[in-house]
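Comments concern the structure below.
Worth knowing before you read on, the calculation uses all heavy atoms, side chains too, and leaves out hydrogens, waters and symmetry mates.
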Amino acid sequence: MTERPVRPADLERARVWLVGHGLNDARPTPLLAARLAVRSGSRLASGVLLAAFIIAVALVYSVARSPGAVDGPGAYRHWPLLVLTAVVAGLVLAQSLLDRRVRRADRRLGATLPRRAAHPVRPGWRTVVGVPRAVFAAATFAGTLVLAIGALTTLDSTARYAALVLIVGLCGVAFGTAVQLRHVLTHPVVADDEVSLATDVIMRVEDARHVTTPTVVWCLPAASVLDAVPRWWIIAWCLFVALGAVTLALITVGTALAARRRGTPLAPR
């Protein structure tokens, strides 16, 4: 079914994945094992990429505050922001290449199927992302942007510059998230029966959850503004992150319980 032999470890991982999603009677296929292996590698690369992005934001902010990068008291040069903009563009490009790698692997695997199955109605964002998680992601970006704008209103030029760094980084993460969600929602269905159709939906849901989890958004202020903003900003940010973490946990639990009541395998046990 696939172009290259599938490793036994990948088949075992696929079996555990099926059991974890309530598909105990389903047989792990080379198709599923290959798709999961590609996504696992892509997620690992994406995690490394996002970690490198946070480090790059911290480096740009640190260089911008160095004596050589300051034109005078309270004045900062613009070139660090241009460098950060280039880093943001590189992040979006790299994430697009990772998504293209997954899409290309799915198309290659789909071409080996003797027949293709399709969903009667293509899963939309309400099914794949879910309204609560979509609202949560949007609120997280919006809340972080409001706090960053609040830092711009302070009299301290260092805090204002740090807020600009945060806003540029936040815009990059938001754009990259939108690009990745578009990939999750539009990439082709790879299935040849009912079970593989179900696993296709589950993988989309997992990909969407991975993309919309705001880990990088929560980490960005630590790489930019926390040493420059007033104490009230730090307290507000800690409360915002704590509230976001609790909300995300409640959404995850609620989604899992709702999926069990419906008898659908969209959430892991």
* Are V165 and V92 linked, directly or through other ILVMFWY residues, by side chains that come within less than 4.5 angstrom of each other? -> no
* Asked: Given W218 and T144, is the side chain to side chain contact (heavy atoms under 4.5 Å, CB included) satisfied, shown in steps?
  -> CA-CA 8 Å; W218 288 339; T144 306; 5.7 Å; no
* Full working for side chain to side chain contact (heavy atoms under 4.5 Å, CB included) between L181 and W125 -> CA-CA 9 Å; L181 278 179; W125 69 270; over 6 Å; no
* Check the pair D200 / R35 against salt bridge (charged side-chain N to carboxylate O under 4.0 Å, His left out), numbers first and verdict last. => CA-CA 9 Å; D200 182 86; R35 295 189 72 191; 3.2 Å; yes
* Would V216 and L97 show up in the same hydrophobic cluster when neighbours are defined by side-chain heavy atoms closer than 4.5 Å? -> no
* Report the distance from atom CH2 of W17 to atom CD of E206, rounding to the nearest 0.5 Å. => 5.5 Å
* **Connected via hydrophobic side-chain network under 4.5 Å: V211 and L91** => no
* Is there a side-chain contact between L248 and T140 (heavy atoms, below 4.5 Å)? -> no
* Asked: Hey, what do you get for OG1 (T255) to CG (L250), rounding to the nearest 0.5 Å?
  -> 10.5 Å
* Full working for salt bridge (charged side-chain N to carboxylate O under 4.0 Å, His left out) between D10 and R13 -> CA-CA 5 Å; D10 291 337; R13 186 183 300 114; 2.7 Å; yes
* To do: Could you walk me through whether S96 and D99 pass side-chain hydrogen bond (donor to acceptor under 3.5 Å, both in side chains), step by step?
  => CA-CA 5 Å; S96 298; D99 292 340; 5.5 Å; no
* Any side-chain heavy-atom pair from T212 and F136 closer than 4.5 angstrom? -> no
* With rounding to the nearest 0.5 Å, note down the distance linking CG in D193 to OG1 in T29. => 8.0 Å
* Out of T177, V241, L170, L166, which one pairs with V217 under the side chain to side chain contact (heavy atoms under 4.5 Å, CB included) rule? -> L170
* To do: Over all heavy atoms of both residues, which pair between A45 and L98 is shortest? Give the atoms and the distance, please.
  => CB-CD2, 3.8 Å
* Asked: Side chains of T127 and R204: closer than 4.5 Å at any heavy-atom pair?
  -> no
* **Summary of side chain to side chain donor-acceptor pair (under 3.5 Å) pairs that have at least one residue in residues 82-92, sequence neighbours excluded** => none
* For residues A56 and V87, report the shortest heavy-atom separation together with the two atoms involved. => CB-CG1, 3.9 Å
* To do: Flag yes if L220 and L152 sit in one hydrophobic cluster, no otherwise; membership is Ile, Leu, Val, Met, Phe, Trp, Tyr, and two members link when side-chain heavy atoms are under 4.5 Å apart.
  => yes
* What residues join L197 in its hydrophobic cluster, counting side-chain heavy atom gaps under 4.5 Å, either direct or through other members? -> V189
* Asked: Between T247 and L243, is there a donor-acceptor pair closer than 3.5 Å when you use the side chain of the first and the backbone of the second?
  -> yes
* Structure fact -> dist H187:NE2 -> M203:CE (nearest 0.5 Å) comes out at 7.0 Å
* Asked: Is there side-chain contact between P28 and L18, with at least one heavy-atom pair below 4.5 Å?
  -> yes
* Asked: With under 30° as parallel and over 60° as perpendicular, where do the rings of W237 and W233 fit, or are they tilted in between?
  -> parallel
* Working for side chain to side chain contact (heavy atoms under 4.5 Å, CB included), residues R108 and V190 -> CA-CA 10 Å; R108 186 175 63 248; V190 182; over 6 Å; no
* Structure fact -> For R160 and A151 the tightest heavy-atom approach is CG-O, 4.0 Å
* To do: Please name the pair of heavy atoms, one in V195 and one in A26, separated by the smallest distance, quoted to 0.1 Å.
  => CG1-CB, 3.7 Å
* Can you tell if the side chain of F175 reaches within under 4.5 Å of the side chain of V88, non-hydrogen atoms only? -> no
* Provide the closest heavy-atom pair for S46 versus H210 in the form atom of the first, atom of the second, distance. => OG-NE2, 4.4 Å
* To do: State plainly whether one hydrophobic cluster holds both V184 and I202, where clusters connect Ile, Leu, Val, Met, Phe, Trp and Tyr through side-chain heavy atoms under 4.5 angstrom apart.
  => no
* How about I235 and L239: do any of their side-chain heavy atoms sit closer than 4.5 Å? -> yes
* To do: Taking the side chain as every heavy atom from C-beta outward, state whether Q95 and F53 have any atom pair closer than 4.5 Å.
  => no
* If only atom types and distance count, is the side chain of T199 paired as donor or acceptor with the main-chain N or O of S196 below 3.5 Å? -> yes
* Asked: What is the minimum heavy-atom distance between V229 and A159, and which atoms define it?
  -> CA-CB, 4.2 Å
* To do: Spell out, as yes or no, whether a donor-acceptor pair under 3.5 Å connects the side chain of H183 to the backbone of V179.
  => no
* Asked: Under the side chain to side chain contact (heavy atoms under 4.5 Å, CB included) criterion, do D207 and R43 qualify, and how do the steps go?
  -> CA-CA 9 Å; D207 291 343; R43 287 182 185 176; 2.8 Å; yes
* Asked: Does any non-hydrogen side-chain atom of F141 lie less than 4.5 Å from one of L145?
  -> no
* To do: List the steps, then state whether salt bridge (charged side-chain N to carboxylate O under 4.0 Å, His left out) holds for E12 with R15.
  => CA-CA 5 Å; E12 175 61 19; R15 185 192 67 80; 2.6 Å; yes
